[in-house]
Participant: 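Encoded as structure tokens, here's the structure I'll be asking about.
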Amino acid sequence: MLDIRFIKDNLEAVRQNIRDRYMDADVDLLISLYDKKNALLRELEESRRCRNENAQAMKSNLSKEERSIRIEEGKRLKETIARLEAELQEVEAAFAEELAKIPNMAHPQAPRGKEDKDNLEVKRVGSPTQFSFPPKDHVELGQSLDILDLDTATKVSGTKFYYLKNEGTILELALVRYALDMLSKHGFTLMTTPDIAKTEILEGIGFNPRGAESNVYTLEGEGTCLIGTAEITLGGYHSDSILEKDQLPIRYAGLSHCFRREAGAAGQFSKGLYRVHQFTKVEMFVYCLPEESEAIHEELRSIEEEIFSSLDIPFRVVETCTGDLGAPAYRKWDLEAWMPGRNNGEWGEITSTSNCTDYQARRLNVRYRDKDGKNRFVHMLNGTAIACSRAIIAILENHQQADGSVRIPKALVPYCGFDLIQPRHV
RNA sequence: GGAGAGAUGACCGAGCGGUCGAAGGUGCACGAUUGGAAGUCGUGUGUACCCCGAAAGGGUACCGAGGGUUCAAAUCCCUCUCUCUCCGCCA
């Protein structure tokens with residue numbers, strides 16, 4: 001969330017930002033709730049002050065009559081306070097709800113636009129793979145290599161689930177280990193995180209677990225959810241704490257499963273492994289000082305580039321437009337890999353890195369102590385190292401050969417223990 | 001899952017209806033003493049929100065969390081969470 005005082009001081013900028021993001025939030029309602037809340041708070045505090053004064057006065061020796069007058073006064077105040085407290089609670093809840101709808105401010109350079117087609121290509125590494133034969137898509141390849149089983153997963157678990165088999169299983173583990181080794185070299189602390197988190201943590205990160213369009217699986221009667229990304233568990237790790245300034249930046253690499261409902265995703269490209277309900281991901285997460293977050297954001301992007309360059313996968317980098325940023329992000333870059341099997345060759349998102357500045361830290365209450373002794377909110381950033389399912393698509397489709405086999409990228413061979421996957425079915 | 005013990009400020013630890021934002025100690029900061037250091041002495045030392053303001057200042061809340069009793073709760077009652085010990089179960 002944003003700081004209400006920042007909003008008050010920058011009303012027009014906040015309104016413009018909401019328009020730029022094509023979001024639905026009512027700043028004027030928010031401000032009127034804030035003013036109402038404060039008026040009630042003042043009234044309540046005044047009543048409490050009277051109550052304390054009254055109680056204080058009763059410590060001394062009083063006559064019977066005086067004492068009973070005081071007690072009556074106390075009873076009256078008690079009722080007033082109870083009434084005001086109930087009213088305040090209501091207004092505060094409404095205020096919090098509106099405040100949560102206000103998105104983070106956007107980086108001045110973020111392209112203004114509504115949808116992903118308005119994203120700005122900023123860089124290309126490699127060029128779309130050329131084939132001397134008609135390339136297959138990863139679903140076909142996965143079946144002929146006998147490393148992927150979608151049909152049985154549909155029977156057992158439903159659509160958008162999958163089994164990895166044989167070399168597919170190894171390939172996923174190899175990707176995980178490869179990413180973890182690389183992040184370890186870059187100074188990240190490795191973690192395997194829970195796959196479940198409390199609703200309040202989800203909300204702090206900026207997810208809305210409830211509501212019809214929610215992408216989150218909630219667990220019945222638990223107040224918990226299946227996580228959609230380890231960003232949640234890594235961002236919640238230091239909630240309600242004050243970090244030492246000299247321990248920043250903190251870099252975590254989190255391995256977790258990710259669960260997404262993907263309800264209403266029918267119209268979007270969803271063949272095979274691209275849009276699934278469960279996948280495995282290694283996520284980068286950084287807590288840092290405000291003044292270093294922009295540089296660290298670049299660092300996260302360059303690590304993502306390093307990973308996919310070293311896997312010999314052609315990709316481009318796009319800067320996400322305002323309408324596609326999502327509420328918590330100040331700035332976001334996506335890496336899109338070339339996917340030869342997708343609509344006869346298309347770019348498809350494989351990673352994403354966001355600088356969320358202090359938007360998440362404010363709600364999760366993650367601070368550090370500054371030189372002047374003041375507690376300030378940290379900046380929080382996240383980025384995908386490897387999302388296994390999509391990385392597997394990119395590897396299979398780009399590294400397929402005329403005989404139907406798939407070459408394992410050199411960097412991954414030591415992790416796989418094989419350099420080629422050969423067809424089992426014809 | 002069952003039985004018991006506990007949760008107080010940066011830390012240790014007292015308090016067990018009104019004199020408690022909270023004794024005492026440790027730590028930390030500043031000052032004095034010293035050639036310097038140790039030591040000693042003195043002073044200060046939480047967070048959040050609201051009001052006012054140039055600054056100073058004032059108010060409210062916070063003693064694991066939530067609810068209750070009372071004119072008044074760290075203190076009494078209820079519920080929950082967490083930690084520790086023992087038992088059970090288990091990968």
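Naming convention: chains lettered A, B, ... in sequence-line order (proteins, then strands); numbering from 1 in each chain.
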Participant: Who does B:A32 pair with, Watson-Crick or G-U, both distances under 3.5 Å?
Facilitator: B:U40
Participant: My understanding is that a pair needs two contacts under 3.5 Å, Watson-Crick or G-U wobble. By that rule, which nucleotide pairs with B:G21?
Facilitator: none
Participant: When we call it a touch if two heavy atoms are under 4.0 Å apart, what does A:Arg51 touch: a base, just sugar-phosphate, or nothing?
Facilitator: sugar-phosphate
Participant: Scan every strand shown for a Watson-Crick or G-U wobble partner of B:C62, both distances under 3.5 Å, and answer none if you come up empty.
Facilitator: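 Across all strands, the one nucleotide that pairs with B:C62 is B:G46.
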Participant: Indicate yes or no for a side-chain donor-acceptor contact from A:Arg112 to the backbone of A:Ala110 under 3.5 Å, with no hydrogens or angles considered.
Facilitator: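 Present.
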Participant: Using heavy atoms to find the nearest nucleotide of RNA chain B for A:Cys50 and A:Gln89 separately, return the residue whose nucleotide is more 5′.
Facilitator: A:Cys50
Participant: How far, in whole Å, is B:U75 from B:A14 if one measures between their C1' atoms?
Facilitator: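 Result for the C1' pair: 13 Å, nearest Å.
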Participant: Using the rule side chain to side chain contact (heavy atoms under 4.5 Å, CB included), only one of A:Met1, A:Arg363, A:Lys198 pairs with A:Glu203; which is it?
Facilitator: A:Arg363
Participant: Both distances below 3.5 Å, Watson-Crick or wobble geometry, any strand: find the nucleotide opposite B:C16.
Facilitator: none
Participant: Counting only Watson-Crick or G-U wobble pairs whose two distances fall under 3.5 Å, which nucleotide matches B:U26?
Facilitator: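 Here B:U26 is engaged in a pair, and the nucleotide opposite it is B:A10.
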Participant: Answer yes or no: does a side-chain N or O of A:Asn52 lie under 4.0 Å from OP1 or OP2 of B:A72?
Facilitator: no
Participant: Do A:His277 side-chain atoms and A:Arg260 backbone N/O form a donor-acceptor pair below 3.5 Å?
Facilitator: yes
Participant: Could you let me know what B:U70 is paired to, Watson-Crick or G-U wobble, both distances under 3.5 Å, or none if it's on its own?
Facilitator: none
Participant: Show the atom names and distances, to 0.1 Å, of all donor-acceptor pairs under 3.5 Å that link a side chain in residues 380-387 of chain A to residues at least two apart or in another chain.
Facilitator:
| from | atom 1 | to | atom 2 | distance (Å) |
| --- | --- | --- | --- | --- |
| A:Asn382 | ND2 | A:Glu231 | OE2 | 3.2 |
| A:Thr384 | OG1 | A:Ser352 | N | 3.2 |
| A:Thr384 | OG1 | A:Ser352 | O | 3.3 |

Participant: Are the side chain of A:Asn166 and the backbone of A:Asp146 linked by a donor-acceptor contact shorter than 3.5 Å?
Facilitator: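 At least one qualifying donor-acceptor pair exists.
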Participant: For B:C20 versus B:U8, give the span between their C1' atoms, rounded off to a whole number of Å.
Facilitator: 12 Å
Participant: Work out how far the P atom of B:G9 is from that of B:U47, and round it to whole angstrom.
Facilitator: 14 Å
Participant: Starting from the 5' end of RNA chain B, give me the residue, A:Ala55 or A:Arg49, whose nearest nucleotide shows up first.
Facilitator: A:Ala55
Participant: Of all of residues 90-102 of chain A, which get a heavy atom below 4.0 angstrom from RNA chain B, listed by number?
Facilitator: none
Participant: With under 30° as parallel and over 60° as perpendicular, where do the rings of A:Tyr415 and A:Tyr178 fit, or are they tilted in between?
Facilitator: perpendicular
Participant: Distance alone, cut at 3.5 Å: any donor-acceptor contact between the side chains of A:His186 and A:Glu306?
Facilitator: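 On atom types as modelled, these side chains qualify, holding a pair under 3.5 Å.
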Participant: Roughly how far apart, to the nearest Å, are B:A74 and B:G17 at atom P?
Facilitator: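 Looking at atom P only, B:A74 and B:G17 are 13 Å apart.
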Participant: Could you tell me the Watson-Crick or G-U partner of B:U85, where both distances fall under 3.5 Å? Say none if there is no partner.
Facilitator: B:A3
Participant: Answer yes if the side chains of A:Asp20 and A:Gln16 hold a donor-acceptor pair under 3.5 Å, and no otherwise.
Facilitator: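 There is such a pair (donor and acceptor under 3.5 Å, judged by atom type) between the side chains of A:Asp20 and A:Gln16.
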Participant: Across all strands shown, which nucleotide pairs with B:C90 by Watson-Crick or G-U wobble geometry, both distances under 3.5 Å?
Facilitator: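 In the structure as shown, B:C90 has no Watson-Crick or wobble partner.
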Participant: Can you tell me how far C1' in B:G15 sits from the matching atom in B:A7, rounded to whole Å?
Facilitator: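 Approximately 15 Å lies between the C1' atom of B:G15 and that of B:A7.
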Participant: Working to the nearest 0.5 Å, report the span between CG of A:Leu145 and NE2 of A:His138.
Facilitator: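 Interatomic distance, A:Leu145 CG to A:His138 NE2, rounded to 0.5 Å: 12.0 Å.
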Participant: I'd like a table of atom pairs between the protein and nucleotides 44-51 of chain B - only N or O on both sides, under 3.5 Å - with the distance next to each one.
Facilitator:
| from | atom 1 | to | atom 2 | distance (Å) |
| --- | --- | --- | --- | --- |
| B:A48 | OP1 | A:Arg367 | NH1 | 3.4 |
| B:C49 | OP1 | A:Arg5 | NH2 | 3.3 |
| B:C50 | OP1 | A:Tyr34 | OH | 2.5 |

Participant: Step through it carefully: locate the ring centre of A:Tyr252, locate the ring centre of A:Phe285, and say whether they are under 6.0 Å apart.
Facilitator: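 When the ring centroids of A:Tyr252 and A:Phe285 are compared, they turn out to be at least 6.0 Å apart.
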Participant: When the C1' atoms of B:C28 and B:C71 are considered, how many whole Å apart are they?
Facilitator: 41 Å
Participant: Considering only side-chain heavy atoms of A:Asn54, which listed nucleotide, B:U19, B:U60, B:C71, is closest?
Facilitator: B:C71
Participant: When the P atoms of B:U45 and B:A38 are compared, how many Å lie between them, rounded to an integer?
Facilitator: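 That atom pair is separated by 24 Å.
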Participant: In whole angstrom, give me the gap between the P atoms of B:U26 and B:C16.
Facilitator: 24 Å
